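Step one of this worksheet: look at the structure below.
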Amino acid sequence: MYRYFIWWHDDGTVEKVADALRAKARQADGRIPEPAAALIDSLSVRSADTVSKTTSGTSTSSALRLRT
């Protein structure tokens, strides 16, 4: 069984099935099949090494350096 999963994963079948199921679930909920927008939490995005230390900090819940 695992061998089939690997084949389907490698040839994109798993992603196609997931996309189709997601679209069906969204339609069943009365929404459009594809999301129209995305949200990125800028406080969770890692800052570049070139960002000044004075404008960046560290999250208390993780070891990520965050932009403040």
Side-chain angles (χ1 to χ4, degrees):
M1 183 58 105
Y2 182 72
R3 181 180 298 160
Y4 289 113
F5 174 78
I6 294 298
W7 288 337
W8 295 337
H9 178 271
D10 290 348
D11 74 2
T13 300
V14 171
E15 187 173 351
K16 290 175 189 172
V17 169
D19 290 345
L21 289 173
R22 184 181 312 107
K24 291 271 189 195
R26 291 180 60 85
Q27 285 178 321
D29 198 30
R31 300 183 290 169
I32 60 173
E34 294 295 323
L39 177 70
I40 298 175
D41 177 9
S42 63
L43 294 177
S44 299
V45 177
R46 288 189 59 159
S47 62
D49 292 333
T50 57
V51 174
S52 168
K53 298 282 188 212
T54 60
T55 61
S56 63
T58 307
S59 170
T60 57
S61 62
S62 70
L64 291 178
R65 289 186 324 120
L66 304 175
R67 181 119 191 217
T68 57

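Note that the coordinates shown come from a computational prediction; the quantities given were computed from them, not determined experimentally.
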side-chain hydrogen bond (donor to acceptor under 3.5 Å, both in side chains) contacts touching residues 2-11 (sequence neighbours left out): D11-T13
Neighbour count above 12 (heavy atom, 6.0 Å) for E15 CD: no
Minimum heavy-atom distance Q27-P33, with the two atoms named: NE2-CG, 3.3 Å
Note: D19-R22 ion pair, threshold 4.0 Å (strictly below): yes
